[in-house]
Structure formats: C-alpha cells, structure tokens
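Single-structure report; data block below.
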Amino acid sequence: MTGAADTPLRAALRELRTTLGLPVDFPREVLAEAAQVAKSLVLTGHQDATDLPLFTIDPPTSTDLDQAMHLERRPHGFRVHYAIADVAAFVRPGGALDTEAHRRVRTLYFPDGKVPLHPTVLSEGAASLLPGQTRPALLWRIDLDAEGRTVATDVRRALVRSRAKLDYAGVQRQIDAGTAEEPLALLKDIGRLREEQEVARGGISLDVPEQEIVQRDGAYGLEYRAPLPAEGWNAQVSLLTGMAAAHLMAEAGTGILRTLPVAPDGAVARLRRSAEALHVDWPHHVPYAQVVRSLDPSRASHAAFLQECTTLLRGAGYTVFDHGELPTPAVHAAVADLYTHCTAPLRRLVDRYAAELCVAAVADREPSEWVTAALPGLPKEMAEGTRRANTVERECVDLVEAALLSDQVGEVFDAYVVDVQAQEPTIGTVHIEHPAIVARIDGGTTKLPLGERLRVRLTQADPGAAKVLFAPA
C-alpha cells in the first residue's frame, strides 16, 4: 500500500488532470442552473409508480444511482421493472448544464475522486435514485418468457421511489444463503436465463480478473478482482434493457447504436496462436465464444488468454441511423444483437438521448428536435469521451503501480508473460500476482516466452513518469 499522503502520487494525479486538460470545477452558471432546477423542478407527464418496491445494486460508496429494479414472476415467465434516472427532466436543451455535459461526455474516475458529468447536486442528489426519495425516472417494463426471451417492452416517464440501496457482496450473500426475498432472488434466475440466451445467440461476456485500485486506511493499493456472479446477473439486466432499447429505435427508424464489428480473420488467427502458446485447447471446429466460456480465470494461463481475448472486442463505437436504414454493421459483435447504451445517464452523455428516442418510439411520436439535432455529433463526442476515460483509467493504474514499487527497483518478482509483441518478441507484458501489477517488460536480446512463468527484475518505477518496466532476471 502507498499512503494517501504520498506527495509524489498526489502530485502526479494532479498533473495528470492538468496534462489531459480535464474540467475540474463546474462554471458558476452551470452550478447555478443545477441548484435552481434541483430546488424547483416542475414535472409533467410522469405517472405515479411510487408503489413499486424498487431497489438499487451498486458499489457500497456509490451515490450517483442510475438504475433501480423490481423483478417478479408471472404465470408464463417474468417481468422486469427497470427505472433509469430521468436526467432529461433536469437538463434544459441548449442550457448551461447541457453545454457542460457535452464538454465532459463521461464521468471520469480517479483514486482520489472523480470528475462528474453533472454537478453533484443532481448526480448524487436530486436526480439520483436514492432510497426513500421520490424521483423522476424512465420506467422500463420488459416481459420475458419462461426461457428468458423478451416478449414485450414498454418505457414511459414515471415517479419512482427506491426502497433499498443494496451492494453486490450483500446481494451475493443473501442469494447464496437463500434469505433473499423473491424480487431479489429472481436476479439469479433471470440472470442465468439471460446468460443462456447470450450463449444461444453467440454473444460473449469476458470474465477477466481486473486490476482494481483499492483504498484502505488512507492508503492506495492494487488488487486483482474477479466479478461476483451477482454482478454478472445485474449486468444481464442492463444488457437486456440496452437490447430492448435498440430494437425499439430500429422499429421507429431513428436511433443511435453501440456497434462492434466482427473481428477480422487475422485477429482470430493471432488469438489461436496465443491459445497454442498458452496451452489452451481450441479445436478448429469450436467457436471462439465456446472456448472462452470453458476457461477458468483462476488459472494463470487461462487468465492470460482471457486478457488476450479482449483484443477482439476493441473497435466499439456509436453509430447513428435515420430514415429506417440500419447501419452496417448494426450489431455489437460481443452482444450478438442490436444494442445501445441507455442505462447510465448520470454518468454517460449518450444515454440521455437514447432514452428519449425510446420514449418517443413507444408513444408513436417523432423524437424532440433537440434530440435529433444532437444525434449526428454524438458518435464523435462519445468516441473522444471514451478515449479520455480509458486514458484516465490506464494512467491512474500506472501511477499507483509506480508509487507502490518506487522503493523496490532492482528487486526480483515471479511473473507470467501474458503478451508478446508479434513484430518484437523481446517486448511484452507481464502479470505479477503480488502486488497486482500488469506491466511492460523489455527482454533486450531475449525472446519472451508467452504463457510461461518468468523471474523478472524491476528496472524502473517512477510515479512522475507513470511507468513501470521489468526485465528478465
């Protein structure tokens, strides 16, 4: 662990914000508009759904709560109620809040805080689906058959009131112990059915252990964390809604999709070579998705291969369509269906627009002019916002890695070679278990053994440079 008062790390995090040109403080007029609308919001057209006993599932410290759900069993299947924060109720098109949101695009997360998309008076207050508070929402109702297939979809504006703020670990404990009440216990049933539907349509979810920055007792550290099953089930509800939204927009003829092309043959061939090097069995007649689902991420070679698999999921973007003409490609290759982002409007700009398009589609009316006017520019805005968010995530991990190892230059660690550059087999990436480090290795004149264990020596760790470098010991 590196102390929170560690001056080089603190200084490096401040410098990263400056280098990336990130907005930190909101302009005065934005704060004033947010405070005013939070205090005196006037709502029209929201039905009263406050009797629906919704609950949220988020990390324990989260207060920007986008989603709340209620699950119920029906005679021939299930009903999913999914309430999404109605951010459009608070943001005046063309106003200061709207303009600033288009500048920020996404909430950015740092170890020592975040750069929010909206002022916290909204994102963690008046617009957040906090328990015990009446809030405006886009209330989805999705009916599923007994196998988990969608049979009916509806979304409309409503006033909702969450009853409980739950966290993933607590949900997992309740479900495993059999003490969860039915609306929560059904998360497992519905989640598993949706996972089976994902398999049937050829979709894939990568269960890759991720580096995670943790803070304990005022100190930062890194851990590898594999998602809990409850997180996967919860993600399936979000995916379900994103697919339902995409199909509504497709039927209406206007929308914005999250798209991902099928990986080119060359990328798949490279992945097959990695599987061979890592001793992962991949018969030629077996689809990639089936191989991935057979892997055990707790095994080092399998975890390394899963990390390699992420290369096939790169290249996702946002694609606008109009006049009923779907783009090419229209589907998201990993989802294996039409898909859009619509469930996190407090933290991601595009979701507000996708939700408005879906409400208009269900009501059988044309979308608002402010929505259609913004659509052409959204893909470029979201691409830049996503690039910035990915940079922040990677650079923050690099900084914490360097701070953790800054006094251990010259020491030797046990590592696993998880990637080797095709053109330069002496350059690659190593995975160190303790501490949880994924870093670059320069073998000099030594060809790196992909998938093999290797003793490595730390040659560089500078929080100011934000880089960690190893060499074979």
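Along the sequence shown, residues are numbered consecutively beginning with 1. Only heavy atoms go into these numbers, but all of them, side chains included; no hydrogens, no water, no symmetry mates. Quick caveat: nothing in here was measured; it's all calculated off a predicted structure.
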Legend entry - Derivation and outcome, side chain to side chain contact (heavy atoms under 4.5 Å, CB included), residues Leu260 and Val331: CA-CA 7 Å; Leu260 175 67; Val331 303; over 6 Å; no

Legend entry - SB check Lys467 Asp462 (cutoff 4.0 Å): no

Legend entry - Separation of Leu71 CG from Leu184 CG (nearest 0.5 Å): 8.0 Å

Inset, instruction - Could you tell me whether the side chain of Glu424 and the main chain of Gln421 form a donor-acceptor pair under 3.5 Å? - result: no

Inset, instruction - Walk me through it: do Phe470 and Ile437 pass the test side chain to side chain contact (heavy atoms under 4.5 Å, CB included)? - result: CA-CA 11 Å; Phe470 288 90; Ile437 302 294; 4.3 Å; yes

Inset, instruction - Check for a donor-acceptor pair, side chain of Arg272 on one end and backbone N or O of Trp282 on the other, with a separation under 3.5 Å. - result: yes

Inset, instruction - Grab the two heavy atoms, one from Ala461 and one from Ala402, that are nearest each other, plus how far apart they are. - result: CB-O, 4.0 Å

Inset, instruction - List the atom of Thr56, the atom of Ala68, and the distance in Å for their closest heavy-atom pair. - result: CG2-CB, 3.7 Å

Legend entry - Test item: Gln67 side-chain N/O and Tyr82 main-chain N/O as donor-acceptor pair under 3.5 Å: no

Legend entry - Arg106/Asp351 ion pair, N-O < 4.0 Å: no

Legend entry - Validation row: Arg347, Asp64 side chains within 4.5 angstrom (heavy atoms): yes

Legend entry - Distance-only side-chain donor-acceptor flag, Thr259 / Thr319, under 3.5 Å: yes

Legend entry - Mutual orientation of the aromatic rings belonging to His81 and His70 [parallel < 30°, tilted 30-60°, perpendicular > 60°]: tilted

Inset, instruction - Compare all side-chain heavy atoms of Tyr339 with those of Leu239 and state whether any distance is below 4.5 angstrom. - result: yes

Inset, instruction - Please determine if Asp414 and Arg453 form a salt bridge, counting it only when a charged side-chain N lies under 4.0 Å from a carboxylate O. - result: no

Inset, instruction - Could you tell me whether a side-chain N or O of Lys165 sits under 3.5 Å from a main-chain N or O of Leu65, the two making a donor and an acceptor? - result: no

Inset, instruction - Using a 4.5 Å cut-off on heavy atoms from C-beta on, say whether the side chain of Ile175 contacts that of Trp233. - result: yes

Legend entry - Matching residue for His247 among Thr340, Thr153, Asp337 - test: side-chain hydrogen bond (donor to acceptor under 3.5 Å, both in side chains): Asp337

Inset, instruction - Return yes if some donor-acceptor pair links the side-chain N/O of Ser406 with the main-chain N/O of Ala403 below 3.5 Å, else return no. - result: yes

Inset, instruction - Test Ile190 against every option in Arg194, Arg192, Lys188 by the side-chain contact (heavy atoms from CB on, under 4.5 Å) rule and name the one that passes. - result: Arg194

Legend entry - Donor-acceptor contact below 3.5 Å, side chain Asp145 vs main chain Arg149: yes

Inset, instruction - Mind running ring pair (Phe, Tyr, Trp, His ring centres under 6.0 Å) on Tyr353 and His102 for me, showing each step along the way? - result: CA-CA 12 Å; Tyr353 290 88; His102 278 268; 5.7 Å; yes

Legend entry - Under 3.5 Å donor-acceptor, Ser62 side chain and Asp58 backbone: no

Legend entry - Test item: Glu395 and Phe110 side chains (from C-beta on) under 4.5 Å apart, heavy atoms: no

Legend entry - Glu276 atom CD, over 12 foreign heavy atoms within 6.0 Å: no

Inset, instruction - Considering non-hydrogen atoms only, spot the tightest contact between Leu338 and Met243 and give its length. - result: O-CG, 3.3 Å

Legend entry - Heavy-atom donor-acceptor pair, Arg348 side chain to Thr107 backbone, under 3.5 Å: no

Inset, instruction - Under the side chain to side chain contact (heavy atoms under 4.5 Å, CB included) rule, what do Leu295 and Phe305 come out as? Steps first, then yes or no, please. - result: CA-CA 9 Å; Leu295 300 179; Phe305 183 67; 3.4 Å; yes

Legend entry - Least distance between heavy atoms, Glu100 atom then Pro23 atom: OE2-CB, 4.2 Å

Inset, instruction - Kindly say whether Arg14 contributes a backbone atom to a donor-acceptor pair with the side chain of Thr18 at under 3.5 angstrom? - result: yes

Inset, instruction - Could you tell me whether the side chain of Leu186 reaches within less than 4.5 Å of the side chain of Phe78, counting heavy atoms only? - result: yes

Inset, instruction - With the side chain counted from C-beta on, respond yes when Gln290 and Pro287 share a heavy-atom pair under 4.5 Å apart, and no when they do not. - result: yes

Inset, instruction - Classify the side-chain pair Thr343/Thr241 by whether it contains a donor and acceptor separated by less than 3.5 Å. - result: no

Inset, instruction - Quick one: do Thr429 and Ile441 satisfy side chain to side chain contact (heavy atoms under 4.5 Å, CB included)? Show the steps, please. - result: CA-CA 6 Å; Thr429 304; Ile441 181 170; 5.9 Å; no

Legend entry - Side-chain heavy-atom pair Pro119, Val30 within 4.5 angstrom cut-off: yes

Inset, instruction - Not counting sequence neighbours, which residues clear salt bridge (charged side-chain N to carboxylate O under 4.0 Å, His left out) with Glu124? List them please. - result: Lys114

Inset, instruction - Before giving the answer on ring pair (Phe, Tyr, Trp, His ring centres under 6.0 Å), spell out for Tyr318 and His341 the whole-Å C-alpha distance, their side-chain angles and the decisive distance to 0.1 Å. - result: CA-CA 9 Å; Tyr318 296 89; His341 280 157; 5.6 Å; yes

Inset, instruction - Give a yes or no on whether Glu393 atom CD has more than 12 heavy-atom contacts from other residues, nucleotides or ligands under 6.0 Å away. - result: no

Inset, instruction - Using a strict cut-off of less than 4.0 Å between a Lys/Arg side-chain nitrogen and an Asp/Glu carboxylate oxygen, indicate whether Asp86 and Arg352 qualify as a salt bridge. - result: no

Inset, instruction - Could you tell me whether the side chain of Arg388 and the main chain of Arg104 form a donor-acceptor pair under 3.5 Å? - result: yes

Inset, instruction - Using a 4.5 Å cut-off on heavy atoms from C-beta on, say whether the side chain of Phe413 contacts that of His434. - result: no

